[in-house]
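First listed ligand is number 1; within each ligand, the first listed atom is number 1.
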Amino acid sequence: MALRLLVLGPPGAGKGTQALRIARDHGVPKISTGDMLRDAVTSGSPLGALVKETVAKGQLVSDDVIVELVRVRLEEDDAQHGFVLDGFPRTVAQAKALDVLLAGTPLAVVEIRVPDEELVRRVRGRRICERCGTTVSAFDGDPALAQECKTCGGRLVQRSDDSETVVRDRLKVYWRETQPMIGFYENRPTFRRVDGSVAPVDVYAAIAAAVAAVSAER
Ligand code: AMP
């Protein structure tokens, strides 16, 4: 059955990594609004110019802009048989708009929970490949990892919005704007919460089990 999944959670919860893996396993695209916005900023497109400052400060881009970005992306061919959304929705208004876009198509929703101090530690230590966008933990034990991407050999850098000050602001934004959005989903039978503070492989197993349980119920 087609997988339509939302992976929700704060910055540093492991959404991107887990969303990518589960999307690959199901042969569907991982759609990350954060990646799309960063690409727009890098390419210097009109969208990039519009959102650059907001993304740099860790604030939320306006709902209208984001919903339109997602609407267009979900119309692409590769998303017709499923997708995993990472970083969207982030507000109740976005969640409501997504319901309208999906017009009743079943949706699995997984929230990854991790304590705040662990999130700050993780995000400060994370690096992103300049070339292919892969995210790694700079503290994975191998100092070479902090320099070079294992996937493509590109240079690993810190995202400008991963500095400690911006991360703390992003967490405030998360608790203020995004956590209430979880309430929009949590009473649905297709909602599951998983513990994101355990090893990534165990988080993955929990998400896979949640997705299987939700699919079996439908
Ligand atoms: P992420 O990579 O998901 O942490 O997103 C990076 C930044 O992009 C966020 O801090 C926001 O500035 C912006 N962004 C990404 N997704 C959204 C969204 N759904 N709504 C508003 N802003 C977003």
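- Residue-to-ligand polar distances keep L60 apart from ligand 1: every N/O pair is separated by 3.5 Å or more.
- Every atom of ligand 1 is numbered from 1 in the order shown, and the set under 4.0 Å from a heavy atom of R170 is 4 (O), 10 (O).
- Linking Ile, Leu, Val, Met, Phe, Trp and Tyr whenever their side-chain heavy atoms come within less than 4.5 Å puts V65 and V70 in one cluster.
- For atom 14 (N) of ligand 1, the nearest non-hydrogen atom from the set L37, I66, T54 comes from L37.
- The backbone N or O of L107 sits less than 3.5 Å from a side-chain atom of T190, completing a donor-acceptor pair.
- In terms of protein heavy-atom proximity, atom 7 (C) of ligand 1 is closest to V55 CG1, 4.0 Å.
- The nearest heavy-atom contact from the protein to atom 20 (N) of ligand 1 is Q94 NE2, 2.9 Å.
- Residues that satisfy the salt bridge (Lys or Arg N to Asp or Glu O under 4.0 Å) test with K57, not counting sequence neighbours, are E53.
- Within 6.0 Å of CZ on R113 lie more than 12 heavy atoms contributed by other residues, nucleotides or ligands.
- Judged by the shortest distance from any of its heavy atoms, R159 lies inside the 4.0 Å radius around the atoms of ligand 1.
- Between R90, Q59, M181, E53, it is R90 that holds the heavy atom closest to atom 5 (O) of ligand 1.
- For atom 22 (N) of ligand 1, the nearest non-hydrogen atom of the protein is V61 N, 3.1 Å.
- Within ligand 1, the atoms closer than 4.0 Å to a non-hydrogen atom of R38 are 2 (O), 6 (C), numbered from 1 in the order shown.
- In terms of the salt bridge (Lys or Arg N to Asp or Glu O under 4.0 Å) criterion, residue partners of R71 (sequence neighbours excluded) are, by chain and number, E68, E75.
- R122 places a side-chain N or O within donor-acceptor distance of the main-chain N or O of G12, the cut-off being under 3.5 Å.
- Pairing each heavy atom of D86 with each of G16, the nearest pair is OD2-CA, 3.4 Å.
- Remark: ligand 1 atoms within the under-4.0 Å shell around heavy atoms of T33 are 15 (C), 16 (N), 17 (C), 19 (N).
- The pair D78-R73 counts as a salt bridge, with a side-chain nitrogen and a carboxylate oxygen less than 4.0 angstrom apart.
- Assignment of K57 to the shell around ligand 1 is not supported, since no heavy atom sits closer than 4.0 Å.
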